[in-house]
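Just below is one structure, and these are the notes that go with it.
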Amino acid sequence: MSKKQQKLKARLPRGFVDRSAEDIRATDEMLGKIRKVYERYGFDPVETPAFEYTDCLGKFLPDTDRPNAGVFSVQDDDEQWMSLRYDLTAPLARHVSENINEIQLPYRTYRAGWVFRNEKPGPGRFRQFMQFDADTVGAPGVQADAEMCMMMADTMEALGIPRGQYVIRVNNRKVLDGVMEAIGLGGDENAERRLTVLRAIDKLDKFGIEGVRLLLGEGRKDESGDFTRGAGLGAIQIDMLTKLIDDQNYENDSKSFKDHLDYIFDSHPAVSAAGAEIGDLVKLVQSAGYGIDRIVASPSIVRGLEYYTGMVYEAELLFDVTNEKGEVVQFGSVGGGGRYDGLVKRFTGRDVPATGFSIGVSRLMTALKNLGKLNTVNVVAPVLVTVMDGDTDALGRYQKMVQALRQAGIRAEMYQGNWKKFGNQLKYADRRNCPIAIIQGSDEFEAGEVQIKDLIEGKRLSEEITDNVTWRESRPAQIQVAQNKLIETVKAILASQAEDRRRTAAI
RNA sequence: GCAGACGUAGCUCAGUUGGUUAGAGCGUCGGAUUGUGGCUCCGAAGGUCGGUGGUUCGAAUCCACUCGUCUGUACCA
């Protein structure tokens with residue numbers, strides 16, 4: 001076998017990414033802003049592990065002892081199935097259930113964490129991504145849902161998304177349940193069809209009214225010519241559902257959501273009651289000053305089909321998001337949630353109603369980058385103390401200088417590569433975007449002085465110098481000062497560089 | 001999962017009807033320059049042409065399968 005073939009190929013698993021320093025810093029900043037909002041609302045953090053027993057996640061396939069293919073699962077040494085969490089809600093329900101006697105309800109809690117889904121990755125869609133959740137457990141009232149909606153709105157604004165550029169859409173699963181009954185899709189025998197109808201409605205933002213109508217009827221052909229079977233509803237049913245989900249119908253008539261429903265479904269009792277609940281929520285948020293520009297009833301919101309039992313809500317961005325190629329991309333929601341009254345009961349047998357939402361941190365970050373709201377707080381690279389002499393005495397002096405800079409609060413490092421090639425040290429500094437290089441050879445040392453080189457200014461000067469000899473000998477933007485002036489000189493140069501950055505940023 | 005498009009150097013891409021030793025630009029590394037970044041010049045490394053099998057005297061090129069990427073779609077807690 002050749003040497004070549006023995007080499008292991010370094011490769012990243014499909015759908016996973018390495019994160020850069022810039023990404024990590026930007027994420028940290030975002031998380032900080034979100035956390036601040038949640039804390040202000042009186043929520044406390046809690047953290048659960050990445051793995052859970054599969055049965056606690058509720059993800060065994062029906063009629064088998066194997067976990068759902070969509071979750072990453074492994075078998076423990078005692079053969080129990082464990083899975084990586086695919087959201088933060090199911091693990092929270094487990095945590096609350098396990099500690100139900102110690103936890104003071106209503107329990108108001110938040111947490112950020114990585115979640116994992118074993119499905120096809122796409123642009124902006126990964127198999128590991130971060131969510132930032134907040135939940136109120138043990139609060140049955142619509143006022144808890146209202147608070148969640150307001151908190152989502154506040155979070156959007158805390159992240160720099162201006163009012164009017166986002167909206168929180170609210171619906172109630174009971175509305176959809178009632179509607180199914182009203183159009184004759186009640187009963188167990190129609191369960192499958194109801195799911196198809198709900199999925200079709202959920203695609204309003206993707207395909208528009210016409211696309212949804214096709215999916216409710218015969219079906220729809222996609223761009224590659226592949227055909228998706230529809231729900232096979234009749235024309236009257238389709239018309240009713242179309243009227244239901246066409247937001248313009250009631251927003252423009254300034255009718256209330258409930259009136260809108262009563263009009264279409266002839267005051268069907270279940271629909272009407274659920275509509276009234278949404279009316280209550282809207283009234284609650286409006287009396288707190290959150291108008292229809294921020295929180296709005298929206299009958300096409302469906303969310304997950306698994307565990308939501310009442311209110312569902314979703315944060316949507318209203319500005320165009322373009323990708324790297326400059327194409328406008330369908331962005332969809334950046335967060336959502338709802339009421340899950342049955343999740344804790346599965347473990348405890350007790351009725352513990354809960355409501356909460358989740359923000360897709362990675363997705364939202366992509367959008368913020370687009371909006372230019374992602375403060376890529378360019379962390380200034382370290383000051384580089386170069387190495388002219390490699391003997392232990394000299395190295396000790398360089399270390400001392402670096403420590404002095406650090407103690408003065410200046411990010412600094414000593415060159416750790418091959419010091420014998422001095423040109424490489426400055427090349428390293430240049431590529432790292434170091435602001436300043438410190439140089440002390442034996443000449444300077446004996447004179448009790450150091451060279452301080454402003455690399456940013458030097459770069460600017462380089463544009464005017466074309467021959468290398470001049471470039472090397474002129475030592476652009478470099479000054480020699482007494483050793484004991486090192487810190488104050490470095491500070492002064494850094495300050496003037498910062499001033500320059502501010503000035504150019506303002507232009 | 002289904003449908004379609006595409007896989008040539010680290011990156012972006014040439015490569016003629018199937019015909020010598022598969023090229024370019026950028027990047028990387030070394031040198032010109034042992035104590036000064038950029039520019040310029042010189043040089044080098046880097047390829048199982050995604051993989052396997054087939055057709056052929058001969059395959060990066062044609063065929064089959066397979067893997068991967070992208071696009072749409074399905075599913076998505």
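Naming convention: chains lettered A, B, ... in sequence-line order (proteins, then strands); numbering from 1 in each chain. In this text, all values refer to a predicted model and were calculated from it rather than measured experimentally.
Legend: residues meeting ring-ring contact (aromatic ring centres under 6.0 Å, His included) with Tyr415(A), ordered by chain and number and at least two apart, are Tyr428(A).
Residue contacts for Tyr340(A): at a heavy-atom cut-off of 4.0 Å it reaches no nucleic acid atom on any strand shown. Thr228(A) comes within 4.0 angstrom of the backbone, heavy atoms only, and of no base. Gly304(A) comes within contact range of the sugar-phosphate backbone alone, with a heavy-atom separation under 4.0 Å but no base atom that close. Across all strands, Asp454(A) comes closer than 4.0 Å to base atoms (heavy-atom distances).
A donor N or O paired with an acceptor N or O is found under 3.5 Å between the base of rG35(B) and the side-chain atoms of Glu444(A).
Put simply, Trp471(A) has no side-chain N or O that comes within less than 4.0 Å of OP1 or OP2 on rU36(B). The phosphate of rG31(B) (OP1 or OP2) has a side-chain N or O of Lys421(A) nearer than 4.0 angstrom. For Arg117(A), no side-chain nitrogen or oxygen approaches OP1 or OP2 of rC76(B) to under 4.0 Å. Remark: Arg85(A) is not in phosphate contact with rA77(B), judged by side-chain N or O atoms under 4.0 Å from OP1 or OP2. Within the structure, every side-chain polar atom (N or O) of Lys453(A) is placed at least 4.0 Å from both OP1 and OP2 of rG38(B).
Under the 30°/60° scheme for interplanar angles, the aromatic rings of Phe43(A) and Tyr38(A) are found to be tilted.
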Per-nucleotide pairing state of RNA chain B [Watson-Crick or G-U, under 3.5 Å; [ ] pseudoknot-crossing; | other strand]: (((((((..((((.....[...)))).(((((.......))))).....(((((..]....))))))))))))....
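Listed by first and then second residue, the ring pair (Phe, Tyr, Trp, His ring centres under 6.0 Å) pairs that reach into residues 447-496 of chain A come to none, sequence neighbours excluded.
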From CA spacing to verdict: salt bridge (charged side-chain N to carboxylate O under 4.0 Å, His left out), Glu277(A), Arg339(A): CA-CA 13 Å; Glu277(A) 219 175 276; Arg339(A) 180 161 280 284; over 6 Å; no
